[in-house]
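Take a look at the structure below.
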Amino acid sequence: MCGIIGIVSYQPVAQLIYEGLLVQQHRGQDSAGIVVCDGNKLNLRKDNGQVSDVFRTRHMLKLLGNMGIGHVRYPTAGCSSSAEAQPFYVNSPYGITLAHNGNLTNVDKLKAELYESDLRHINTESDSEVLLNVLAHELRESGNLSLSSEDIFTAVSEMHRRIEGAYAVVAMITGKGILGFRDPCGIRPIVYGKRTSNEGVEYMLASESVALQAAGFELVADLKPGEAIYIGVDGTVELKQCAQTSSLNPCIFEYVYLARPDSIIDDIYVYKARLRMGVKLARKILRQRPGHDIDVVIPIPDTSRPSAMELAYHLGLKFREGFIKNRYIGRTFMMPGQKMRKQSVRRKLNPIDIEFKGKNVLLVDDSIVRGTTSQQIIQMARDAGASKVYIASAAPPVRYPNVYGIDMPAAEELVAHDRSEEEIAEIIGADWLIYQDLEDLIDAVQKGNRSISEFDCSCFNGKYVTSTINSDYLERIRSIRNDSAKQVVEDQLNVVGMDLHNNP
């Protein structure tokens with residue numbers, strides 16, 4: 001999962017992109033990058049770290065230009081090398097930069113094609129660089145120096161034919177315009193908006209609508225699955241359906257955890273969806289334990305708060321803030337390794353003892369993935385004096401790998417994989433555990449847009465909306481993306497860093 005942004009304006013865009021990345025920081029905290037186009041010159045800054053760390057005043061002053069794209073990265077594969085920071089750039093043809101959110105599932109095949117047929121070299125392990133080179137090859141096939149919008153849409157159509165997986169993309173063609181497109185299943189989100197200035201209409205693309213709102217842009221629409229938008233440097237806009245077949249199957253985990261609550265994704269208000277999750281969960285508790293002894297409902301900050309508030313209301317219970325969150329610690333689910341996640345939990349949360357002492361507490365979380373964070377938080381509640389600690393998850397059990405850009409690659413690292421709810425409760429130390437039913441989760445989200453007939457729920461039910469996911473593929477990503485593999489990568493990077501420090 002990453003955050004992307006693109007702007008075509010009549011004024012310098014670097015500050016707008018910076019602010020758009022800040023409000024999408026929750027989508028990636030490993031690296032950040034901005035590239036702007038000033039005439040036919042590109043000005044690029046990218047590095048590891050959060051947005052406010054990567055961009056200082058001295059960097060922003062050099063990012064001159066009225067058109068640009070930006071990216072915040074979350075490393076699915078666990079590599080934190082700055083070489084993988086985006087946007088990526090290729091000089092031929094035209095000079096193209098690209099930022100990508102999602103994950104390609106046929107990347108090995110594409111790498112071989114690029115080398116053997118397209119004669120292109122890939123320099124990183126990032127599938128986004130592969131995607132950029134496929135786009136570059138297809139644009140080169142047009143053979144036109146002037147490059148029309150029809151040439152661009154033809155290239156995107158050919159890309160859809162070649163690539164598989166989840167992808168929401170912004171790409172900038174130097175001196176010409178910005179291209180945005182979405183995979184034919186619409187798994188990852190991308191929206192576009194506009195605002196009117198004295199010079200004319202300006203356009204913006206982003207992963208989430210909140211980025212548009214923060215910059216004063218009006219949300220126009222989500223890109224449809226398989227649809228592409230091209231915004232010329234002169235402000236002209238064209239949209240075209242570029243996929244032969246398409247269907248809207250957005251990732252349901254966006255609504256559970258990934259997106260900000262103030263965003264609108266595919267016409268669904270994320271905040272409202274999370275409120276409805278709380279209602280569904282309350283009803284399940286009343287069915288299973290009508291005579292429950294819960295004294296107070298406490299959210300595990302921040303994503304679960306809307307669900308917890310609504311759950312408490314429908315159970316007729318007190319809602320209390322029991323944990324204070326350190327705002328300067330990243331999202332623990334997104335940390336690139338189990339060791340780092342463990343170290344971050346107690347730095348991130350501190351309990352308010354008076355809300356726990358002598359009470360039967362129901363903790364509400366948005367989801368339970370590896371179980372490590374839940375285990376530590378439950379122990380914190382006990383240490384704070386809770387008599388009993390129950391936990392409710394606004395999402396169903398996460399039992400299967402996610403292959404579309406979320407860091408859930410190894411089934412054996414998921415606490416719910418091949419375990420009953422009673423076994424999970426024992427592992428995480430809860431007196432009782434209750435999960436949302438998948439049907440209830442789907443209904444809670446779908447109520448915002450009944451035209452969506454199917455969501456990608458693969459991490460809950462193991463059903464992948466793209467057709468090429470098989471056991472061999474799942475085994476391959478397990479071997480390269482589990483926490484053990486990530487630790488090897490981190491150790492290698494640390495060794496390289498020490499060598500550079502000792503032998504500059």
Side-chain angles (χ1 to χ4, degrees), residues 255-257 271-323 349 351-369 371-399 415-447 460-461:
Y255 302 93
V256 170
Y257 174 81
Y271 179 75
K272 290 286 190 180
R274 290 177 184 168
L275 290 176
R276 292 190 290 267
M277 292 175 204
V279 176
K280 298 285 189 181
L281 199 50
R283 290 173 181 169
K284 184 175 181 180
I285 290 173
L286 290 174
R287 289 195 305 270
Q288 290 195 354
R289 292 203 171 187
H292 67 79
D293 58 351
I294 303 167
D295 295 316
V296 63
V297 176
I298 292 177
I300 297 174
D302 279 323
T303 321
S304 67
R305 188 172 285 114
S307 297
M309 286 192 303
E310 202 70 356
L311 181 150
Y313 175 78
H314 283 269
L315 291 181
L317 295 173
K318 293 179 181 178
F319 171 86
R320 292 289 184 268
E321 296 288 351
F323 296 101
L349 297 177
I352 303 172
D353 291 1
I354 195 172
E355 297 299 345
F356 293 92
K357 202 162 292 183
K359 298 176 183 177
N360 297 334
V361 176
L362 176 64
L363 302 178
V364 180
D365 208 349
D366 52 77
S367 58
I368 300 171
V369 181
T372 308
T373 300
S374 301
Q375 187 179 48
Q376 293 185 63
I377 290 173
I378 289 168
Q379 188 57 51
M380 289 168 66
R382 293 196 189 282
D383 292 344
S387 297
K388 294 181 181 178
V389 182
Y390 310 131
I391 187 165
S393 169
V398 177
R399 301 189 188 276
V415 70
H417 182 70
D418 281 342
R419 292 191 178 100
S420 67
E421 292 186 14
E422 291 75 18
E423 290 172 326
I424 300 165
E426 184 176 356
I427 289 171
I428 65 177
D431 293 299
W432 179 54
L433 164 66
I434 187 166
Y435 280 104
Q436 186 87 264
D437 291 333
L438 181 56
E439 296 78 10
D440 284 344
L441 173 63
I442 292 171
D443 189 61
V445 179
Q446 194 178 45
K447 188 174 181 179
F460 303 124
N461 61 12

Could you work out, with ring pair (Phe, Tyr, Trp, His ring centres under 6.0 Å) as the rule, every residue matching Phe323, not counting sequence neighbours? Phe356
Between Asp431 and Arg382, does any side-chain N to carboxylate O distance fall below 4.0 Å? yes
Might you work through the salt bridge (charged side-chain N to carboxylate O under 4.0 Å, His left out) test for Arg305 and Glu321, ending with a clear yes or no? CA-CA 9 Å; Arg305 188 172 285 114; Glu321 296 288 351; 2.7 Å; yes
Is there side-chain contact between Arg274 and Thr303, with heavy atoms separated by less than 4.5 Å? yes
Hey, are the side chains of Met277 and Asp366 touching, using non-hydrogen atoms and a 4.5 Å cut-off? no
Neighbour count >12 (heavy atoms, 6.0 Å) for atom NZ, Lys284: yes
Taking the side chain as everything from C-beta on, heavy atoms only, tell me whether Val415 gets closer than 4.5 Å to Gln375. no
With sequence neighbours left out, what residues match Lys359 under salt bridge (Lys or Arg N to Asp or Glu O under 4.0 Å)? Glu355
With side chains defined as the heavy atoms from C-beta onward, is the minimum distance between Leu311 and Ile285 less than 4.5 Å? yes
Does Arg283 form a salt bridge (charged side-chain N to carboxylate O under 4.0 Å, His left out) with Asp437? I'd like the steps, not just the answer. CA-CA 11 Å; Arg283 290 173 181 169; Asp437 291 333; over 6 Å; no
Take atom OH of Tyr271 as the centre, draw a 6.0 Å sphere, and report whether it contains more than 12 heavy atoms from other residues, nucleotides or ligands. no
Counting C-beta onward and ignoring hydrogens, is there a side-chain heavy-atom pair between Asp365 and Ser393 closer than 4.5 Å? no
Within 6.0 angstrom of Leu286 CG, more than 12 heavy atoms from elsewhere: yes
